[in-house]
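Structure first, commentary second.
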There are 2 protein chains.
Amino acid sequence: MANTAKFNRREVLQKATRLFWQNGFHATSTRDLQQATNLRPGSIYAAFGSKSGLFKEVLAYYAQNRDELLHRCMTEETSTLGGLRAYFRYILLGDDVDAPNELCLLAKAISELDEGEETLLDEARSLLAAHGEKFRLYVEEAVSAGELPQDTNSELLARQLQVQMIGLRTFLRATSDRAAVEQMIGKLFDPAPAQTSN
Amino acid sequence: MANTAKFNRREVLQKATRLFWQNGFHATSTRDLQQATNLRPGSIYAAFGSKSGLFKEVLAYYAQNRDELLHRCMTEETSTLGGLRAYFRYILLGDDVDAPNELCLLAKAISELDEGEETLLDEARSLLAAHGEKFRLYVEEAVSAGELPQDTNSELLARQLQVQMIGLRTFLRATSDRAAVEQMIGKLFDPAPAQTSN
DNA sequence: CCTCCAATTGAGCAATTGCTCAAATTTTAC
DNA sequence: GTAAAATTTGAGCAATTGCTCAATTGGAGG
């Protein structure tokens with residue numbers, strides 16, 4: 001009971017995500033968050049407990065969006081490998097208007113947080129691992145569909161894809177060299193997704 | 001004249017590097033720096049101008065150390081490709097006691113800083129690009145020595161190596177899975193450093 | 001030994017931080 | 001309509017931030 005006239009939690013998460021993704025955890029102040037969400041501190045603290053609590057929920061919100069995007073890429077392409085390539089292209093080369101930063105928010109959090117904020121760090125690590133697990137399932141699907149050799153080491157290949165994704169996003173932020181990124185995505189998926197039988 | 005009893009600038013840089021590398025730019029306070037260097041604020045500000053000024057010099061100090069390490073790896077190995085692999089192994093799997101963080105400090109800075117700190121961001125970008133250029137020169141050397149095909153696209157391959165290095169370091173911080181990293185380094189250098197003719 | 005001046009000291013300022021809480025307001029239940 | 005409960009409000013606290021500067025120190029030149 002008594003739940004009307006409350007703010008829209010999803011909208012708040014969306015705006016908080018944008019801020020944290022752009023500025024990072026430490027460089028985003030609670031005042032920034034208050035202004036962006038048009039909420040007074042009490043409301044935020046009643047709903048999320050603390051700045052860390054809000055960030056934790058932001059990480060989950062972000063990860064869920066990425067999982068959904070990956071799934072959408074898979075359904076919109078005819079082959080599994082094509083779906084993975086579409087996901088790479090969309091994230092690295094697509095002009096996503098509400099992506100304020102080239103990097104993966106999870107990777108950015110893992111980079112920024114230290115062992116003193118272990119709860120948040122572990123949350124980011126676990127979400128990134130879960131996303132990597134999704135990669136592995138799709139790689140196995142590609143093997144079953146005959147898009148990849150039967151003796152493919154799918155765990156290894158999935159890890160390699162995640163390493164590439166993270167590396168390429170950092171490279172893009174460092175150089176803004178979209179052509180180079182496009183070329184590297186091509187090399188990843190074109191000749192064969194690397195010679196990765198075991 | 002009057003220069004005795006002054007602190008050792010290199011020692012200060014070393015200690016500041018450790019702090020910034022561990023905690024990042026924002027999460028390292030000037031008090032942390034004062035305590036670690038045993039200097040009073042006035043001395044630091046006389047020598048470096050500001051926290052940003054100190055960080056900028058730390059970035060350069062770090063980059064120079066990496067360049068020297070890479071060069072050392074090259075001279076200690078018989079082949080150029082072997083030298084590159086040794087560099088990867090040392091950074092990713094070596095137990096460097098004064099590396100307080102799995103990540104590259106330059107990549108960490110590029111991840112953390114936003115466009116509002118453009119001086120520092122550009123410095124980190126430029127130092128990372130210079131290190132990538134070193135990679136390219138060594139790849140070309142490997143081509144000349146016949147360790148790689150004559151038609152190797154050395155610019156592309158050097159970029160791919162840098163992407164791998166950054167991605168693998170983030171992966172290591174995210175998972176602590178040294179065996180997986182070892183396996184991926186193997187795949188990078190063993191069969192051929194990827195099928196990267198152009 | 002004294003003088004001079006660069007180097008060092010450390011108290012502390014102004015701004016910002018994450019967050020609290022009593023008071024005011026709005027919603028729900030009857 | 002009314003009272004109890006849930007929610008929102010915003011002033012502001014205690015701690016921390018990057019940094020300044022007048023006072024002090026101590027080595028070099030004479």
Side-chain angles (χ1 to χ4, degrees), chain A residues 1-13 15-59 109 112-121 123, chain B residues 1-13 15-59 109 112-121 123:
Chain A
M1 53 192 112
N3 207 24
T4 335
K6 251 170 75 178
F7 58 85
N8 180 338
R9 195 177 185 92
R10 189 190 175 84
E11 248 175 46
V12 168
L13 279 176
K15 283 170 175 161
T17 299
R18 170 165 270 276
L19 271 181
F20 280 128
W21 196 358
Q22 178 153 145
N23 309 322
F25 176 68
H26 289 119
T28 302
S29 74
T30 53
R31 256 103 178 153
D32 295 336
L33 293 163
Q34 289 159 30
Q35 190 172 9
T37 58
N38 196 32
L39 285 172
R40 259 38 63 195
S43 300
I44 296 182
Y45 282 82
F48 300 99
S50 66
K51 185 187 173 186
S52 296
L54 174 53
F55 189 62
K56 188 174 171 185
E57 215 153 310
V58 158
L59 289 176
E112 166 176 26
L113 299 171
D114 75 337
E115 332 308 303
E117 293 130 334
E118 223 173 285
T119 309
L120 291 177
L121 186 53
E123 177 77 2
Chain B
M1 52 190 112
N3 210 24
T4 336
K6 247 172 73 178
F7 58 84
N8 180 338
R9 193 177 186 92
R10 188 190 176 84
E11 247 174 47
V12 168
L13 279 177
K15 282 170 174 161
T17 299
R18 168 166 271 275
L19 271 181
F20 280 128
W21 196 358
Q22 178 152 150
N23 309 322
F25 176 68
H26 289 120
T28 302
S29 75
T30 53
R31 255 98 177 161
D32 294 336
L33 293 163
Q34 289 159 31
Q35 189 172 9
T37 59
N38 196 30
L39 284 171
R40 259 37 65 194
S43 299
I44 295 182
Y45 281 83
F48 300 99
S50 66
K51 184 187 172 184
S52 296
L54 174 53
F55 189 62
K56 189 174 169 183
E57 215 154 309
V58 158
L59 289 176
E112 166 175 28
L113 300 171
D114 75 337
E115 333 307 304
E117 295 132 332
E118 224 174 287
T119 311
L120 290 178
L121 186 53
E123 177 77 2

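All of these numbers come straight from a predicted model, not from anything done at the bench. Chain letters run A, B, ... following the sequence lines, proteins first and then strands; every chain starts at 1. These values consider heavy atoms only, across backbone and side chains, with no hydrogens, waters or symmetry-generated copies.
- Atom CG in B:L113 sits 11.0 Å away from atom CD in B:E123 (nearest 0.5 Å).
- Put simply, NZ on B:K51 is 14 Å from P on D:dT20, counting in whole angstrom units.
- Across the protein-nucleic acid pair, B:F7 atom CZ and C:dA6 atom P stand 16 Å apart, rounded to whole Å.
- The side chain of B:R40 has C:dG10 as its nearest neighbour among C:dC13, C:dC19, C:dG10.
- Counting to the nearest Å, the P atom of D:dT8 and the CG atom of A:N8 are 12 Å from each other.
- Along DNA chain C, the nucleotide nearest to B:N38 and the one nearest to A:P41 differ in position, and the one closer to the 5' end is contacted by B:N38.
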*asked:* Does A:T37 form a side chain to side chain contact (heavy atoms under 4.5 Å, CB included) with A:I44? I'd like the steps, not just the answer.
replied: CA-CA 9 Å; A:T37 58; A:I44 296 182; 4.0 Å; yes

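- Picking from C:dT8, C:dC19, D:dT8 the nucleotide with the shortest atom distance to the side chain of A:S43 gives D:dT8.
- Classification of the B:F55-B:F25 ring pair by plane angle, with boundaries at 30° and 60°, yields tilted.
- The CD atom of B:Q34 sits 16 Å away from the P atom of C:dG12 (whole-angstrom rounding).
- Of the side-chain N and O atoms in B:S29, one or more sit less than 4.0 angstrom from OP1 or OP2 of D:dT17.
- In this structure, A:I44 atom CD1 and D:dT9 atom P are separated by 11 Å, rounded to whole Å.
- With C:dT20, D:dG12, D:dG18 as the choices, the nucleotide that has an atom nearest any side-chain atom of B:R31 turns out to be D:dG18.
- In this structure, B:F25 places its CZ atom 13 Å from P of D:dT17, rounding to the nearest Å.
- Considering B:S43, B:P41, B:S29 in turn, B:P41 is the only one that fulfils the side chain to side chain contact (heavy atoms under 4.5 Å, CB included) rule with B:Q34.
- Within the 4.0 angstrom heavy-atom criterion, no nucleotide atom of any strand lies near B:S52.
- Across the protein-nucleic acid pair, B:L19 atom CG and D:dG18 atom P stand 12 Å apart, rounded to whole Å.
- Residue B:Y45 contributes atom OH, which lies 15 Å from atom C1' of C:dT9 at whole-angstrom precision.
- Between A:Q22 and B:E115, every side-chain heavy-atom pair lies at or beyond the 4.5 Å cut-off.
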